[in-house]
Visitor: 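Take this structure, written in structure tokens, and hold onto it; I'll ask about it next.
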Number of protein chains: 2
Amino acid sequence: MLHSALSYTQNLMRQAVRIGDTVIDATVGNGHDTLTLAHCVGDNGQVIGFDIQKSALDTTQKKLIEAKLDHRVTLYHKGHEELNDVLSPSQEVSLVVYNLGYLPHGDKSIVTLPETTIKSIEQALDHLKHCGLLLLMIYYGHEGGREEMEAVTDYVKQLPQNKYSVLNYQFINQKHSPPFMIAIEKR
Amino acid sequence: MLHSALSYTQNLMRQAVRIGDTVIDATVGNGHDTLTLAHCVGDNGQVIGFDIQKSALDTTQKKLIEAKLDHRVTLYHKGHEELNDVLSPSQEVSLVVYNLGYLPHGDKSIVTLPETTIKSIEQALDHLKHCGLLLLMIYYGHEGGREEMEAVTDYVKQLPQNKYSVLNYQFINQKHSPPFMIAIEKR
């Protein structure tokens, strides 16, 4: 009956994206969200993806070619804090999605970090269109994860309520730091 | 795009209830949820309602008669902590819903209280069937509201995760103690 944080996030993602939209996958990783988004935006839409790990981008690019969706996606071998280098100042997006933590089955020492994550969210919010969504799946069981989780939570809590709605979707009786979702909607 | 806590709770309520079910409105109040539930359970289902305020029950009974749904509902002029006096020990319910706080437009000095609320939740969980939901809409802007909110949150956080999933659905960047939802699903 109750959706996991992951399944709830993916439902919101599908609801938020319309054919023709431009959207951002801020942490491409294994490309799972990138592929979903590429399906959702249609042939006139665009997915912009960021990752600092070249191997992750190569794997994702391969999956996109196999699915015949690579023409809808531009992948950047950059950190998501360089978002403003890629988007023009007035460019609007309907969705930005983050998976915070490390790449599953990858190098666990390479993780997203509080400073660059918040810098990226700040930029992404500027490009988010009215009623657009910024979704954060927050994994924080790893070393440094709790610090990032707390920094991000503190940051989003102080976003002005006349401009943004910030929703926390979290299972609170579980022992092993299960991932949770924060969703920011631009009003 | 994002549902308010109230709208999210009402969606879950409608999803959880099937024709023929027995369900509980632990805080009848103005009867809004009681009527919704009476619609959902059908002619073979049953809604059991509790309220300590006779006037609230009278208003609700009138609304139920007008809607020709009164045969589906039994209202008790009792506190919800007396749940076990009403239900037989083996009786199962698919949904229990609480609105914590005071009755809107009523006497604001009459509020739900931490001790009786937790006593009631404990009893309700025993009667909840597999995959059943216990939903708490928590209003805590009033005097004593924060204490109840904290006591209830502490209580549900320690429910064993092998038996229950406890979800928090809350907007976290708002200034004036907006109501939030806790949902408990029996596994």
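Each chain gets a letter, A, B and so on, in the order its sequence line appears, and its residues count up from 1. The figures that follow rest on heavy atoms only: side chains count, while hydrogens, waters and symmetry mates do not.
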Visitor: Can you tell which of A16(B), C131(B), P160(B), G132(B) has the highest number of heavy-atom pairs within less than 4.5 Å of chain A?
Guide: A16(B)
Visitor: Do D51(A) and Q53(A) pair up side chain to side chain, a donor and an acceptor below 3.5 Å, judged on atom types alone?
Guide: no
Visitor: Parallel, tilted or perpendicular: which fits the ring planes of Y8(B) and Y169(B), with parallel below 30° and perpendicular above 60°?
Guide: parallel
Visitor: Heavy-atom cut-off 4.5 Å, strictly under: side chain, backbone, both or neither for L167(B) against chain A?
Guide: both
Visitor: Centroid separation under 6.0 Å, is that true for the rings of Y139(B) and Y102(B)?
Guide: no
Visitor: Could you have a look at V166(B), L133(B), N168(B), T153(B) and say which one has the most heavy-atom pairs with chain A under 4.5 angstrom?
Guide: V166(B)
Visitor: Applying side-chain contact (heavy atoms from CB on, under 4.5 Å) between Q10(A) and each of H3(A), H32(A), Q15(A), report the one that passes.
Guide: H32(A)
Visitor: Tell me, out of V156(B), I184(B), I172(B), who's got the most heavy-atom pairs with chain A below 4.5 Å.
Guide: I172(B)
